[in-house]
Asker: 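Sharing a structure below in structure tokens format, with a few things to ask.
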Amino acid sequence: MPAPRATAPPAAGPQATGPSATAPQAVGPQAAVPGATAPEASAAGATAPGASARGRRLGPVALVVAGGLSVQFGSAVAVLLMPRAGALGVVTLRLVLAAAVLLIVCRPKVRGYGRADWGTVVAFGTAMAGMNILFYQAADRIPLGAAVTLEVLGPLVLSVVASRRLVNLLWAGLALGGVVLLGGGGFDRLDPLGAGFALAAGAMWAAYIVFSARTGRRFPQADGLALAMAFGAVLSLPLGIAEAGDKLLVPSTIGLGLAVALMSSVLPYTLELLALRRLPAPTFAVLMSLEPAIAATAGFLVLDQALSTTDALAIALVIGASMGAVRTQARRARRQDASQGRRTRTIRS
């Protein structure tokens with residue numbers, strides 16, 4: 001979960017170029033609507049800030065949901081790759097190819113950063129590699145639905161621990177009920193080692209949330225993500241080579257690995273990194289509980305895995321928890337906007 005936002009310089013990162021930075025430029029009515037009459041301009045000036053505020057609140061949520069869709073449909077492609085390269089081979093292809101793409105696109109600078117900055121990148125890369133390695137080990141031993149359910153407990157626990165509002169306990173509990181239903185119960189019948197891997201993957205997922213946010217505040221754009229991905233790829237490379245060997249060099253395997261890398265790493269991690277710069281950690285963590293629901297949908301559409309009534313109920317609970325978290329954040333943001341407006345008027349008067 002992100003550290004307190006007060007630690008981030010106001011002009012650092014995308015906030016300097018996002019809606020919150022450009023909104024003050026349209027202070028006067030004529031600036032909001034060029035050429036408008038006075039009454040029209042006044043009305044536009046009254047509604048534009050509200051629309052901008054809604055965009056600032058809903059934009060990060062849309063980024064998280066889009067990232068979840070990408071990563072879960074990317075997992076469907078990974079199913080086709082598993083028999084060719086094994087679990088560790090898939091992780092290696094995913095991280096190595098994703099790191100290559102990000103390093104080429106971002107061309108991150110390596111000078112001008114301190115020890116704390118590089119420590120954050122190393123921690124982020126370690127969490128990223130560990131999360132993927134542990135999850136695929138779990139999926140190799142227990143059903144995918146149960147593995148995802150146990151993994152999601154990490155962000156859910158994080159949301160409860162970090163939240164200072166009682167209502168977030170309700171949304172976390174509702175989401176927990178949903179993911180348990182989606183796992184189908186019967187956790188006592190799971191392979192203990194596989195369940196342990198899934199829980200450990202959830203812990204690494206929680207660490208990923210923490211260090212993703214910190215990296216996003218310390219590095220511009222996606223530079224920190226590219227560097228962390230490269231470090232995670234280096235960590236996973238020996239394991240992938242040991243399991244898959246020269247199978248990793250087959251052109252068709254590389255092609256599928258690139259698809260997995262783009263859908264399951266590059267796109268979702270970038271979207272989440274951007275979202276975490278503006279989205280409170282408890283809300284983000286509860287939104288991540290959408291992952292089992294999205295996974296079930298991807299399985300139904302891509303892999304022809306039918307949904308039972310219990311699965312549909314579980315999805316409804318998870319989505320309900322996510323909607324509640326979004327509404328809670330929206331109300332809190334509105335109060336903050338109103339409070340800031342009152343302070344601004346007081347200073348001007």
Asker: Determine whether a donor-acceptor pair (N or O, by modelled atom type, separation under 3.5 Å) exists between the side chain of Asp117 and the backbone of Gly114.
Answerer: yes

Asker: Out of curiosity, Ile209 CD1 to Met204 CE, how far, rounded to the nearest 0.5 Å?
Answerer: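 One gets 12.0 Å once the value is rounded to the nearest 0.5 Å.
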
Asker: Taking the inter-plane angle between the rings of Tyr113 and Phe219 on a 0 to 90° scale, is it parallel (under 30°), tilted (30 to 60°) or perpendicular (over 60°)?
Answerer: tilted

Asker: I'd like to know whether Thr253 forms a side chain to side chain contact (heavy atoms under 4.5 Å, CB included) with Lys247, so could you lay out the CA-CA distance, the side-chain angles of the two residues, the decisive distance to 0.1 Å, and finally the verdict.
Answerer: CA-CA 8 Å; Thr253 300; Lys247 295 178 181 178; 5.8 Å; no

Asker: Should Leu193 and Val91 be counted in the same cluster of Ile, Leu, Val, Met, Phe, Trp and Tyr side chains packed under 4.5 Å apart?
Answerer: yes

Asker: Verify, without hydrogens or angle tests, whether Thr215 (side chain) and Val121 (backbone) share a donor-acceptor contact under 3.5 angstrom.
Answerer: no

Asker: Apply side chain to side chain contact (heavy atoms under 4.5 Å, CB included) to the pair Leu258 and Val101, showing each step before the final yes or no.
Answerer: CA-CA 9 Å; Leu258 180 60; Val101 171; 4.1 Å; yes

Asker: Kindly compute the distance separating CZ (Arg218) from OG1 (Thr120), expressed to the nearest 0.5 Å.
Answerer: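 These two atoms lie 4.0 Å from each other.
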
Asker: Between Ser70 (side chain) and Ala66 (backbone), is there a donor-acceptor pair under 3.5 Å?
Answerer: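 Here the side-chain-to-backbone pair does not exist.
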
Asker: What do you reckon, are the aromatic ring centroids of Phe135 and Phe197 less than 6.0 Å apart?
Answerer: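 No.
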
Asker: Write down the atom of Pro60, the atom of Ala275, and the distance for their closest heavy-atom approach.
Answerer: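 Shortest heavy-atom contact: O-CB, 3.5 Å.
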
Asker: State yes or no: do Ile133 and Val122 share one hydrophobic cluster built from I, L, V, M, F, W and Y residues joined by side-chain heavy-atom distances below 4.5 Å, directly or via other members?
Answerer: no

Asker: Considering all heavy atoms of both residues, which atom of Ala228 and which atom of Phe124 are nearest to each other, and what is their separation?
Answerer: CB-CD2, 3.4 Å

Asker: Side-chain heavy atoms nearer than 4.5 Å, only ILVMFWY residues, links allowed to pass through others: does that put Val61 and Val71 together?
Answerer: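 Looking at the clustering, Val71 is in a separate group from Val61.
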
Asker: Looking only at non-hydrogen atoms, find the nearest pair between Ala98 and Ala261 and report the distance.
Answerer: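 Looking at all heavy atoms of both residues, the closest pair is N-CB, 3.6 Å.
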
Asker: Can you measure from CG (Leu95) to CG (Leu237) and round to the nearest 0.5 angstrom?
Answerer: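 Here the rounded value is 10.0 Å.
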
Asker: Nearest 0.5 Å, please: how far is CD1 in Ile254 from CZ in Arg84?
Answerer: 11.5 Å

Asker: Sequence neighbours excluded and cut-off under 3.5 Å, please list the side-chain donor-acceptor pairs for residues 150-157, or say none.
Answerer:
none

Asker: Would you say Arg94 and Ser236 are linked by a side-chain donor-acceptor pair, where the criterion is simply a distance under 3.5 Å?
Answerer: no

Asker: Find out whether Leu93 and Val260 are in side-chain contact, i.e. whether some heavy atom of one side chain is under 4.5 Å from a heavy atom of the other.
Answerer: no

Asker: Say whether Leu103 and Trp118 are linked into one hydrophobic cluster, either directly or through other cluster members, by side-chain heavy-atom distances under 4.5 angstrom.
Answerer: no

Asker: Could you tell me whether the side chain of Glu243 reaches within less than 4.5 Å of the side chain of Thr92, counting heavy atoms only?
Answerer: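 A side-chain contact under 4.5 Å is absent here.
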
Asker: What closest approach, in Å, do Gly67 and Leu271 show between heavy atoms, and which atom pair accounts for it?
Answerer: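 Closest approach of Gly67 to Leu271, heavy atoms only: N-CD1, 3.6 Å.
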
Asker: Tell me the closest heavy-atom pair linking Ile294 and Val65, and the distance in Å.
Answerer: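 For Ile294 and Val65, the tightest heavy-atom pair comes out as CD1-O, 4.3 Å.
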
Asker: When rounded to the nearest 0.5 angstrom, what distance separates CG in Leu102 from CG in Leu97?
Answerer: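 The CG atom of Leu102 sits 11.0 Å away from the CG atom of Leu97.
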
Asker: Any side-chain heavy-atom pair from Ile241 and Pro238 closer than 4.5 angstrom?
Answerer: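 Ile241 does not reach Pro238 side chain to side chain.
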
Asker: Please determine whether residues Leu262 and Val105 belong to a single hydrophobic cluster, defined as Ile, Leu, Val, Met, Phe, Trp and Tyr linked transitively by side-chain heavy-atom distances below 4.5 Å.
Answerer: yes

Asker: Calculate, to the nearest 0.5 Å, the distance between atoms CG and CZ belonging to Leu227 and Phe231 respectively.
Answerer: 11.5 Å

Asker: Return the minimal non-hydrogen interatomic distance between Pro108 and Ala226, and the atom names on each side.
Answerer: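 Closest heavy-atom pair between Pro108 and Ala226: CG-CB, 4.2 Å.
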
